[in-house]
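Note that this is a predicted model, so its numbers are computed, not measured. Quick note on labels: first sequence line is chain A, next is B, and so on, each numbered from 1.
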Number of protein chains: 4
Amino acid sequence: MSPRTTSKNEEIRQESMKKIMDAAFSLIAKQGYESTSIAQIAKEAGVSKGLMYNYFDSKEDLLEKLVNGAMSEGDKVIGELLSEDPKVTLQNIFEWFFKELKERPEYWTLMTELTFRIGKFKFVHDMATAKMKGYTTFLTELLQQLNFPNPEGEAKLIGSLFDGIAIQYLVIKEDYPLAEMEIFLIEKYCVKHK
Amino acid sequence: MSPRTTSKNEEIRQESMKKIMDAAFSLIAKQGYESTSIAQIAKEAGVSKGLMYNYFDSKEDLLEKLVNGAMSEGDKVIGELLSEDPKVTLQNIFEWFFKELKERPEYWTLMTELTFRIGKFKFVHDMATAKMKGYTTFLTELLQQLNFPNPEGEAKLIGSLFDGIAIQYLVIKEDYPLAEMEIFLIEKYCVKHK
Amino acid sequence: MSPRTTSKNEEIRQESMKKIMDAAFSLIAKQGYESTSIAQIAKEAGVSKGLMYNYFDSKEDLLEKLVNGAMSEGDKVIGELLSEDPKVTLQNIFEWFFKELKERPEYWTLMTELTFRIGKFKFVHDMATAKMKGYTTFLTELLQQLNFPNPEGEAKLIGSLFDGIAIQYLVIKEDYPLAEMEIFLIEKYCVKHK
Amino acid sequence: MSPRTTSKNEEIRQESMKKIMDAAFSLIAKQGYESTSIAQIAKEAGVSKGLMYNYFDSKEDLLEKLVNGAMSEGDKVIGELLSEDPKVTLQNIFEWFFKELKERPEYWTLMTELTFRIGKFKFVHDMATAKMKGYTTFLTELLQQLNFPNPEGEAKLIGSLFDGIAIQYLVIKEDYPLAEMEIFLIEKYCVKHK
DNA sequence: TATGAATGAGTATTCATTCAT
DNA sequence: AATGAATGAATACTCATTCAT
């Protein structure tokens with residue numbers, strides 16, 4: 001009997017990887033990276049510990065692939081937020097941020113935890129730095145077009161605010177007035193400005 | 001040989017506990033809870049591993065006592081920020097927050113890390129929720145007196161902003177424009193308001 | 001499709017086995033038995049891990065077949081060293097030994113390593129004992145014909161010397177004065193004797 | 001009740017270390033370094049796996065301490081072999097070598113195995129190189145004083161011979177004519193020479 | 001015949017915790 | 001009150017071997 005075809009194998013691989021990554025993602029988001037063991041992930045994924053190392057070089061490599069995967073999913077959307085009118089673009093950004101938070105809280109939990117672990121993982125540092133820079137630069141330009149007096153400071157303030165809202169919402173969940181906050185911010189930065 | 005008096009014993013206990021808690025505090029703030037071992041804390045404190053279990057039931061119990069201690073310290077200061085004029089009180093709060101961040105980054109690092117570990121430690125969740133509530137209530141009243149249109153929302157926004165500024169400053173440190181942000185906020189909420 | 005003939009199959013088997021054994025041989029000689037994994041051998045041989053178990057019952061079985069194969073190869077050459085004149089035979093042996101060492105250091109590395117692993121592998125012990133005995137007997141007869149006073153002792157000394165030279169040469173390689181040693185020994189045992 | 005005294009503790013430490021090192025030594029000498037697990041050593045020594053790491057940083061560190069310990073024991077004797085008469089010194093060396101082999105076969109098994117593993121352990125390489133150099137230099141000088149024609153070559157030959165005798169004796173044990181070989185060598189190099 | 005995904009027992013190492021002194 | 005030797009369960013990771021295809 002002949003061996004499995006290459007494509008059938010690839011399919012099996014994709015399935016196993018997905019099972020592992022899904023399990024890892026939810027466990028790490030819930031418990032944190034250090035508190036989640038390979039054994040736990042394997043059990044949750046329904047595979048053997050050994051199999052994990054067919055797909056990932058190490059626990060850290062798994063984390064990296066996890067984050068990259070989740071991030072590239074999110075990146076695709078950024079382009080769609082742009083508009084002719086900078087005011088609209090800004091509003092799109094606010095709306096996107098709150099939508100993300102509601103729809104992918106686990107992802108943002110993971111990202112926030114990792115951000116706070118900078119220095120422990122080289123790849124997180126590089127990633128976070130690059131992200132943050134691009135983000136601030138983009139916002140600064142936008143606010144400049146909208147004639148904010150101190151666009152860079154304001155951009156950083158919004159950046160901080162996003163992080164703060166994220167951390168609080170992710171911690172106290174349904175008790176956090178997310179919708180209210182969204183309206184509030186859009187009013188302040190998009191509607192009432194100028 | 002005269003037996004140690006009860007009070008003398010108590011004094012020794014207090015001293016040992018303080019040494020241990022100080023060591024634990026700075027190590028955990030620097031490295032995180034998981035990455036700090038009992039052995040390390042004992043060494044830093046200059047006591048034996050065994051002694052730690054005379055005062056703390058477990059590593060987690062040490063963490064709880066640590067946080068409780070640090071928090072009650074913080075509480076004492078709140079009273080001193082009050083003023084007849086709510087505007088001054090608000091400004092005092094802003095100034096206190098930035099001063100704290102600059103002077104005790106380790107404390108805030110620890111608190112932020114713990115806040116984010118909710119789910120792992122029940123006591124952190126209870127504590128954080130209670131704190132946040134009291135905090136928001138206080139700020140809400142203040143902003144009400146200052147006739148802010150949506151005082152509760154605004155209070156929550158400031159709360160989130162504080163957390164966000166803290167997390168970013170604690171992560172990127174000297175690259176964060178802390179002083180600039182302080183002026184910005186005071187202008188916005190205390191000077192220009194009304 | 002016509003079914004493969006039996007002889008065609010056999011040919012394929014021989015080819016695959018050879019690829020595997022060659023890969024195993026060079027890897028084990030270079031890194032040692034314990035440090036060489038089945039996965040590594042399969043990769044080097046360009047076959048799948050699974051295929052290895054079609055030909056070899058286990059990793060140890062592979063080792064055994066490897067050593068047997070290498071040894072029977074060596075046996076064939078022994079006959080060619082014989083000469084009418086025992087002095088010439090002796091010189092042929094010396095020259096063969098040094099030539100072997102220079103030309104097939106991997107083989108001798110493997111053999112020496114294995115010899116020293118006695119106790120772990122029963123088959124090595126049996127093999128090594130048999131070899132050594134035959135070897136000593138042969139040399140003893142030769143030296144007897146050359147009228148050495150204590151031919152058996154002398155034979156064992158030469159046997160030990162061979163092993164010693166081998167181990168040192170294989171360890172320190174180019175720093176070992178192999179050529180010099182060869183001349184030295186031939187002078188001593190073949191030229192100057194009697 | 002007061003804690004154990006420092007000296008009592010030291011005593012306990014020495015005892016535990018000895019138990020571990022003895023177990024490690026005999027197991028590694030018997031089975032080889034890679035094939036001996038920490039678990040096995042701990043079991044043989046009658047202690048927990050964890051305790052091993054109170055005394056040794058790693059498995060390799062254990063090996064290093066093992067070898068250093070065994071070596072320094074041997075080093076002490078070297079000075080006692082020297083004599084006014086180089087012939088006597090040479091004879092002493094031969095006798096010391098054979099005595100060592102008979103009395104501490106496990107030590108020499110270990111050393112020979114390690115020598116063959118050069119390249120895997122940095123410390124073994126340094127140690128072996130230094131040892132071998134000192135050894136050859138010393139023998140060369142001695143043979144020069146005895147007017148051997150090619151003292152350096154001869155020194156290396158004896159060095160190789162020693163290794164060869166050792167490896168064969170350690171492998172086939174009681175079947176190896178150690179005593180006979182000793183007489184043989186002393187006759188050749190000390191009595192009959194010149 | 002040949003493949004490689006999957007397994008599970010095994011590896012070295014860490015560390016919170018206990019306990020005799 | 002204080003010590004630190006000792007434990008054992010847990011950790012990330014490896015690898016010979018199996019088996020469905």
Side-chain angles (χ1 to χ4, degrees), chain A residues 1-6 8-13 15-17 34-42 47-60 62, chain B residues 4 8-10 12-13 15-16 34 36-42 47-60 62, chain C residues 4 8-10 12-13 15-16 34-42 47-60 62, chain D residues 1-6 8-13 15-17 34 36-42 47-60 62:
Chain A
M1 228 171 286
S2 34
R4 284 195 204 89
T5 62
T6 308
K8 177 66 182 168
N9 257 331
E10 188 51 32
E11 195 182 303
I12 290 172
R13 286 183 68 84
E15 236 166 70
S16 288
M17 269 189 97
E34 341 253 4
S35 301
T36 302
S37 72
I38 290 286
Q40 242 180 327
I41 296 172
V47 302
S48 67
K49 268 181 297 171
L51 187 62
M52 311 221 21
Y53 291 89
N54 268 12
Y55 300 114
F56 308 98
D57 292 341
S58 65
K59 194 185 172 187
E60 191 175 333
L62 166 58
Chain B
R4 281 202 202 92
K8 177 66 183 167
N9 259 340
E10 187 52 30
I12 290 173
R13 283 185 67 86
E15 237 167 69
S16 289
E34 258 95 13
T36 301
S37 72
I38 290 283
Q40 238 181 328
I41 296 171
V47 303
S48 68
K49 266 183 297 173
L51 187 61
M52 310 219 21
Y53 288 85
N54 272 7
Y55 301 120
F56 309 98
D57 294 341
S58 65
K59 194 185 173 188
E60 191 175 333
L62 166 59
Chain C
R4 280 202 202 92
K8 177 69 182 167
N9 261 341
E10 187 52 32
I12 290 172
R13 282 185 69 87
E15 236 167 69
S16 288
E34 259 94 15
S35 304
T36 301
S37 72
I38 290 284
Q40 239 180 327
I41 296 172
V47 302
S48 69
K49 268 184 294 173
L51 187 61
M52 310 218 24
Y53 289 86
N54 272 6
Y55 301 120
F56 309 97
D57 294 342
S58 65
K59 195 184 173 188
E60 190 176 333
L62 165 59
Chain D
M1 227 171 285
S2 35
R4 285 193 201 90
T5 62
T6 308
K8 176 67 183 165
N9 257 331
E10 188 51 32
E11 195 182 303
I12 289 172
R13 286 183 66 83
E15 234 165 72
S16 289
M17 268 189 96
E34 341 253 3
T36 302
S37 74
I38 290 286
Q40 242 180 325
I41 296 172
V47 302
S48 68
K49 268 181 297 170
L51 187 61
M52 311 224 17
Y53 291 87
N54 269 11
Y55 300 114
F56 308 98
D57 293 341
S58 64
K59 194 183 172 188
E60 191 175 334
L62 167 57

Checklist entry - What is the distance from CD of C/E15 to P of E/dT1, rounded to the nearest Å? => result 14 Å
Item to check | Minimum-distance pair of heavy atoms, taken over all atoms of C/N54 and C/R13 | outcome: O-NH2, 4.1 Å
Checklist entry - So, do C/L62 and C/I41 sit near enough that their side-chain heavy atoms are less than 4.5 Å apart? => result yes
Item to check | Pairwise distance CD(D/E11) to OG1(D/T6) - rounded to 0.5 angstrom | outcome: 12.5 Å
Checklist entry - Can you check whether B/S37's main-chain N or O pairs, donor with acceptor, with B/K59's side chain at less than 3.5 Å? => result no
Item to check | Contact nearer the 5' end of DNA chain E, comparing D/T5 with C/S48 | outcome: C/S48
Checklist entry - Taking the nucleotide of DNA chain E with the closest heavy atom to each, which residue, A/Y55 or C/V47, is nearer the 5' end? => result C/V47
Item to check | Sugar-phosphate or base contact per nucleotide [nucleotides 13-20 of chain F; S, B, -; heavy atom under 4.0 Å] | outcome: BBBSBB--
Checklist entry - Separation of D/M52 atom CE from E/dT11 atom C1', in whole Å? => result 13 Å
Checklist entry - Say you draw a straight line from CE of D/M17 to CG of D/L51; how long is it, rounded to the nearest 0.5 Å? => result 10.5 Å
Checklist entry - For DNA chain E, what are the stems built from at least three Watson-Crick or G-U pairs in a row, each pair having both distances below 3.5 Å? => result E:2-21 with F:2-21
Checklist entry - For D/I12 and B/R13, take the nucleotide of DNA chain F holding the closest heavy atom to each; which residue's nucleotide lies nearer the 5' end? => result B/R13
Checklist outcome for this item: All heavy atoms of A/S35 vs all of A/Q40, minimum pair found to be O-OE1, 3.5 Å
Checklist outcome for this item: For B/I38 and B/K49, the nearest pair of non-hydrogen atoms, with its separation, is CG2-CG, 4.1 Å
Item to check | B/N54 side-chain N/O to F/dA1 phosphate OP1/OP2 under 4.0 Å | outcome: yes
Item to check | Distance below 4.0 Å between B/S16 side-chain N/O and F/dA1 OP1 or OP2 | outcome: no
Checklist entry - At under 4.0 Å between heavy atoms, what does C/F56 touch on the DNA or RNA strands: base, sugar-phosphate, or nothing? => result nothing
Checklist entry - If you take all heavy atoms of D/Y53 and D/S58, which pair is closest and at what distance? => result CE2-CA, 4.0 Å
Checklist entry - A/I41 has an atom CD1; how far is it from atom P of F/dA10, in whole Å? => result 17 Å
Item to check | Non-neighbouring partners of D/E60 that pass salt bridge (Lys or Arg N to Asp or Glu O under 4.0 Å), sequence neighbours left out | outcome: none
